[in-house]
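What follows is a short report on a single structure.
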Amino acid sequence: MQFGRSYEEFTVGETYAHWPGKTITEYDDHLFCLLTMNHHPLHINAHYAGETTDFGQNVVVGNYVYSLLLGMSVPDISGKAIANLEIESLRHVAPTFHGDTLYGETTVLDKRESKSKNDRGVVHVETIGYKQDGQIVCIFRRKVMVPKESYLETRGGEQPARPVPRPDKNWSGRPQASVSA
């Protein structure tokens, strides 16, 4: 399974559909709110949301929606990233509710080689998030610094810093012929 991409593997105009989607539970939303100290009653008080808002129910906190989409994109986009350089824009265009399933996809808008180091480049992408009915709820654009193949080759290839298991009293080691990358 691929985890991230090198600069050479990105093609402008290509879209990556992230899998799997994630059904957002009340627990997920409330835990995220509590961890981030966002105690707005729109997100954590069903009575308040039901009686005083246009939505009539809790709305999933937007930063959680964004964080899920960003996380969904990592295996396809930034799994090999050197740095996330910029979030250019972030728009929440429709509400997400408990029980909605979120899906995401990312399109490569542009890419350029680094101006200061020849072993990396910058990829400009747009990610959209949408619910089970296809309604788009979140759109964001970002720039990610990713390595070129030459960078990866000098730092251990596809799985840099991966340790080698040592045989001991519990495991005698694998047969030489069964090792694969």
Side-chain angles (χ1 to χ4, degrees), residues 1-25 28-29 31-33 35-36 38 59-163 180-181:
M1 174 181 265
Q2 183 163 345
F3 192 75
R5 297 182 191 310
S6 67
Y7 178 78
E8 293 86 351
E9 294 176 291
F10 284 98
T11 302
V12 174
E14 196 161 71
T15 298
Y16 305 99
H18 312 308
W19 187 257
K22 167 78 171 94
T23 301
I24 300 173
T25 67
D28 297 334
D29 183 36
L31 181 61
F32 189 88
C33 287
L35 288 171
T36 58
N38 182 342
V59 175
V60 175
V61 66
N63 283 341
Y64 182 52
V65 172
Y66 162 73
S67 294
L68 279 174
L69 291 166
L70 184 66
M72 285 179 190
S73 76
V74 169
D76 294 312
I77 305 300
S78 56
K80 288 185 174 68
I82 296 167
N84 281 299
L85 299 176
E86 174 183 348
I87 301 299
E88 179 181 288
S89 63
L90 170 60
R91 295 183 299 139
H92 296 281
V93 296
T96 304
F97 303 109
H98 302 152
D100 281 338
T101 301
L102 189 64
Y103 296 92
E105 55 186 64
T106 300
T107 301
V108 180
L109 303 174
D110 192 24
K111 71 181 214 177
R112 67 169 176 80
E113 294 187 12
S114 170
K115 295 173 185 164
S116 60
K117 296 187 178 179
N118 66 1
D119 63 351
R120 59 198 71 186
V122 176
V123 179
H124 186 199
V125 297
E126 178 179 76
T127 301
I128 62 168
Y130 49 94
K131 298 192 290 189
Q132 64 280 354
D133 61 2
Q135 181 184 26
I136 295 175
V137 296
C138 183
I139 305 165
F140 61 94
R141 289 183 174 196
R142 64 187 173 127
K143 292 180 181 172
V144 183
M145 180 177 287
V146 294
K148 288 186 174 179
E149 292 293 336
S150 61
Y151 178 100
L152 295 171
E153 289 167 10
T154 61
R155 288 169 174 78
E158 284 293 312
Q159 298 179 2
R162 182 185 178 113
S180 63

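- Of the inter-residue distances, the one linking Ile139 atom CD1 with Arg91 atom CZ reads 4.0 Å to the nearest 0.5 angstrom.
- Scanning both residues, Leu152 and Ser6, for their nearest heavy atoms gives CD1-CB, 4.0 Å.
- Side chain of Gln135 to main chain of Ala94: no donor-acceptor pair is present (N/O by atom type, distance under 3.5 Å, no hydrogens or angles).
- Formation of a donor-acceptor pair under 3.5 Å by the Glu88 side chain with backbone atoms of Arg141 is not found in this model.
- Residue Phe140 is tested with Leu90, Ile128, Val125 for a side chain to side chain contact (heavy atoms under 4.5 Å, CB included); the sole match is Leu90.
- Across all their heavy atoms, Asn84 and Arg142 have their closest contact at OD1-NH1, 3.0 Å.
- At least one donor-acceptor pair under 3.5 Å links the side chain of Lys111 to the backbone N or O of Phe10.
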Q: Check the pair His18 / Ile77 against side chain to side chain contact (heavy atoms under 4.5 Å, CB included), numbers first and verdict last.
A: CA-CA 10 Å; His18 312 308; Ile77 305 300; 4.1 Å; yes
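- Rounding to the nearest 0.5 Å gives a distance of 7.0 Å between CG of Leu109 and OG1 of Thr107.
- Taking OH from Tyr7 and CD1 from Ile82, the interatomic distance works out to 12.5 Å, rounded to the nearest 0.5 Å.
- Atom-to-atom distance recorded for Ser67:OG and Met72:CE is 11.0 Å, nearest 0.5 angstrom.
- A pairwise comparison of heavy atoms in Glu9 and Glu14 identifies O-OE1, 4.3 Å as the closest pair.
- Phe32 is not listed as a side-chain neighbour of Asn38, based on a closest heavy-atom distance of 4.5 Å or more.
- The side chain to side chain contact (heavy atoms under 4.5 Å, CB included) test with Val122 is passed by exactly one of Lys115, Glu86, Glu113, Arg112: Arg112.
- In this structure, Ala81 and Val144 approach most closely via the heavy-atom pair CB-CG1, 3.5 Å.
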Q | Worked check of side chain to side chain contact (heavy atoms under 4.5 Å, CB included) between Val146 and Tyr151 | A | CA-CA 9 Å; Val146 294; Tyr151 178 100; over 6 Å; no
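- Under a 3.5 Å cut-off, the side chain of Asp29 and the backbone N or O of Val61 do form a donor-acceptor pair.
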Q) For Ile24 and Thr96, what are the C-alpha separation, side-chain angles and deciding distance, and is it a side chain to side chain contact (heavy atoms under 4.5 Å, CB included)? A) CA-CA 9 Å; Ile24 300 173; Thr96 304; 3.7 Å; yes
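- Closest approach of Cys138 and Leu69 over heavy atoms only: CB-CD1, 3.7 Å.
- What you find for Thr106 and Ser73 is that their closest heavy atoms are OG1-CB, 3.9 Å.
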Q | Candidate pair Asn63 and Thr36, rule side chain to side chain contact (heavy atoms under 4.5 Å, CB included), full reasoning | A | CA-CA 9 Å; Asn63 283 341; Thr36 58; over 6 Å; no
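- A heavy-atom distance below 4.5 Å is found between the side chains of Lys131 and Phe97.
- Glu105 and Thr15 form no side-chain donor-acceptor contact under 3.5 Å, judged by distance and modelled atom types alone.
- In this structure, His124 NE2 and Asp110 CG are separated by 7.5 Å, a value rounded to the nearest 0.5 Å.
- To the nearest 0.5 Å, atoms NZ (Lys143) and CD1 (Ile87) are separated by 11.5 Å.
- Side-chain atoms of Arg5 do not come within 3.5 Å of backbone N or O of Lys80 as any donor-acceptor pair.
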